[in-house]
Amino acid sequence: SLRAVRMSERLTEIDTYAFAYCDALEQLDFPSLLVYVRDYAFTGTTAMDKIWCDMTSYNQLQWGSEPYKLDEFKPNMGTTILVAGALRNDAQWYYGGYTRIINAGFYYTTVEDNTEKHSVTVTTDAYGTVKSDFDSAPAGRLVYLTITPLDTYELQSLTVTDANGDEIEVTNNTFIMPGTAVTVNATFARKVYDVVTRPTSNGTVSCADSATRGTSVPITATPDEGYALKSITVTDVNGNDVAVNNNAFTMPAASVTVS
């Protein structure tokens with residue numbers, strides 16, 4: 001079911017059989033530092049339509065260890081490799097110590113990436129950041145979003161909409177660029193909340209000063225000599241009761257008071 005992959009910008013090598021027989025894979029992003037594509041890395045990827053190639057030196061890429069192994073690349077007959085920047089007529093791919101002119105079209109075609117690009121605008125609240133790996137991108141390109149909440153916060157919602165207001169599907173913080181500009185909107189919610197313990201007479205009550213939403217918070221209640229615990233009450237900031245079971249409660253998405 002893997003349809004698109006954007007690789008780490010630090011990646012320098014794609015190993016043998018890395019994507020072999022991923023027959024739903026439609027597009028790839030080759031990072032700028034990629035040097036080696038090992039034997040049979042893409043054999044059987046029959047649905048491949050585009051490979052986005054961001055490297056600035058086209059001569060740096062080596063395909064396989066032996067020239068005949070280039071046969072095994074074959075993502076799909078007619079696959080387009082889109083190369084960033086101006087395409088030189090003498091640009092060559094290196095593989096196994098041999099070279100082949102890009103435009104020779106050995107199981108694939110390579111063209112300059114001069115397609116129309118559309119802007120990516122990111123908006124967030126004050127509790128985290130979202131960074132797109134592209135400020136603009138052509139239709140069909142995989143766009144990756146890096147999401148960084150502030151401490152004690154977490155991502156609450158993430159939406160991408162096109163220029164018509166239609167929502168774009170987001171999967172694992174990535175989306176496929178449509179044929180219009182897009183807006184990315186993210187909101188963050190607090191995940192760590194305060195726990196206030198009220199003083200009590202005839203004994204002591206203690207628990208953690210704060211807790212993450214959804215975690216179990218134990219309460220330690222110690223009555224003075226001659227006394228017994230009567231009740232423990234936990235309420236959130238809106239006055240709603242929070243269930244207490246076996247001297248523990250589950251932290252809601254709000255600060256609470258224990259008494």
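The analysis underlying the following values was restricted to heavy atoms, covering all of them including side chains, and did not include hydrogens, waters or symmetry mates.
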- Task: Give the cluster check for Phe19 versus Leu11: same hydrophobic cluster or not, with ILVMFWY residues linked at side-chain heavy-atom distances below 4.5 Å.
- Result: yes

- Message: Just to verify, which of Thr123, Ile147, Thr146 counts as forming a side-chain contact (heavy atoms from CB on, under 4.5 Å) with Val130?
- Response: Ile147

- Message: Quick check: closest heavy atoms across Thr174 and Tyr144, and the distance to 0.1 Å?
- Response: CG2-CD1, 3.3 Å

- Under 6.0 Å from the CG atom of Asp209, do we count more than 12 heavy atoms belonging to anything else shown? no

- Do Pro178 and Ile168 come within less than 4.5 Å of each other through their side chains, counting heavy atoms only? yes

- Here the gap from Thr220 atom OG1 to Ile232 atom CD1, rounded to the nearest 0.5 Å, amounts to 9.0 Å

- Note on the structure: Sorted by chain and number, sequence neighbours left out, side chain to side chain donor-acceptor pair (under 3.5 Å) with Asp125 holds for none

- Can you see which heavy atom on Cys207 is nearest to which on Pro218, and at what distance? CB-O, 3.3 Å

Using residues 197-205 as the side-chain source, report each donor-acceptor pair under 3.5 Å to any protein atom, sequence neighbours left out, with the distance given to one decimal.
none

- Message: Using the rule given for side-chain contact (heavy atoms from CB on, under 4.5 Å), can you reason through Thr212 versus Val192, listing the C-alpha separation, both sets of side-chain angles and the distance that settles it, and then say yes or no?
- Response: CA-CA 4 Å; Thr212 302; Val192 177; 3.6 Å; yes

- Message: I'd like to know whether Ile176 forms a side-chain contact (heavy atoms from CB on, under 4.5 Å) with Leu142, so could you lay out the CA-CA distance, the side-chain angles of the two residues, the decisive distance to 0.1 Å, and finally the verdict.
- Response: CA-CA 5 Å; Ile176 303 296; Leu142 184 71; 3.6 Å; yes

- Message: Per the salt bridge (charged side-chain N to carboxylate O under 4.0 Å, His left out) rule, what does the pair list look like for residues 161-185, sequence neighbours excluded?
- Response: none

- Task: Test Val160 against every option in Val122, Val170, Val120 by the side-chain contact (heavy atoms from CB on, under 4.5 Å) rule and name the one that passes.
- Result: Val170

- Linking I/L/V/M/F/W/Y whenever their side-chain heavy atoms sit closer than 4.5 Å, directly or via other members, would Val237 and Val217 fall into one cluster? no

Report all side-chain donor-acceptor pairs from residues 250-259 shorter than 3.5 Å, counting only partners two or more places apart or in another chain.
residue: Ser255; atom: OG; partner: Asp194; partner atom: N; Å: 3.3

- Query: Is there a side-chain contact between Phe175 and Val182 (heavy atoms, below 4.5 Å)?
  - Reply: yes

- Note on the structure: Looking only at heavy atoms, the pair that brings Ala208 and Val195 closest together is O-CB, 3.2 Å

- Query: In Å and rounded to the nearest 0.5 Å, what is the CE to NZ distance from Met177 to Lys117?
  - Reply: 11.0 Å

- Query: Do Thr124 and Phe188 come close enough that some side-chain heavy atom pair is under 4.5 Å?
  - Reply: yes

- Message: In the structure I gave you, are the side-chain heavy atoms of Lys131 and Thr148 within less than 4.5 Å of one another anywhere?
- Response: no

- Message: Any non-hydrogen side-chain atom of His118 less than 4.5 Å from a side-chain atom of Ser136?
- Response: no

- Message: Test of understanding: with side chain to side chain donor-acceptor pair (under 3.5 Å), list the residues that count as partners of Thr222, not counting sequence neighbours.
- Response: none

- Task: Might you work through the side-chain hydrogen bond (donor to acceptor under 3.5 Å, both in side chains) test for Thr183 and Thr161, ending with a clear yes or no?
- Result: CA-CA 5 Å; Thr183 299; Thr161 52; 4.8 Å; no

- Task: Is it possible for you to say whether Tyr227 and Ile219 belong to one hydrophobic cluster, with membership spreading through side-chain heavy-atom contacts below 4.5 Å?
- Result: no

- Ring centers of Tyr127, Tyr153 separated by less than 6.0 Å: yes

- Message: Run the side-chain contact (heavy atoms from CB on, under 4.5 Å) test on Val184 and Leu158 for me, step by step, so that the C-alpha distance in whole Å, both residues' side-chain angles and the decisive distance to 0.1 Å come before the verdict.
- Response: CA-CA 7 Å; Val184 179; Leu158 178 67; 3.8 Å; yes

- Message: Within the supplied structure, the quantity of interest is the number of heavy atoms (other residues, nucleotides, ligands) at a distance under 6.0 Å from Asn172 CG; does it exceed 12?
- Response: no

- Query: Does any N or O in the side chain of Asp236 come within less than 3.5 Å of the main-chain N or O of Asn238, such that one atom is a donor and the other an acceptor?
  - Reply: yes

- Below 4.5 Å, heavy atoms only, C-beta onward: do Asp241 and Thr235 meet side chain to side chain? yes

- Message: Applying side chain to side chain contact (heavy atoms under 4.5 Å, CB included), can you list everything that pairs with Ala163, at least two apart in sequence or on another chain?
- Response: Thr180

- Task: Test Thr233 against Val244 for side-chain contact (heavy atoms from CB on, under 4.5 Å), laying out the working first.
- Result: CA-CA 7 Å; Thr233 302; Val244 179; over 6 Å; no

- Query: To the nearest 0.5 Å, what is the distance between NZ (Lys191) and CG (Asp151)?
  - Reply: 8.0 Å

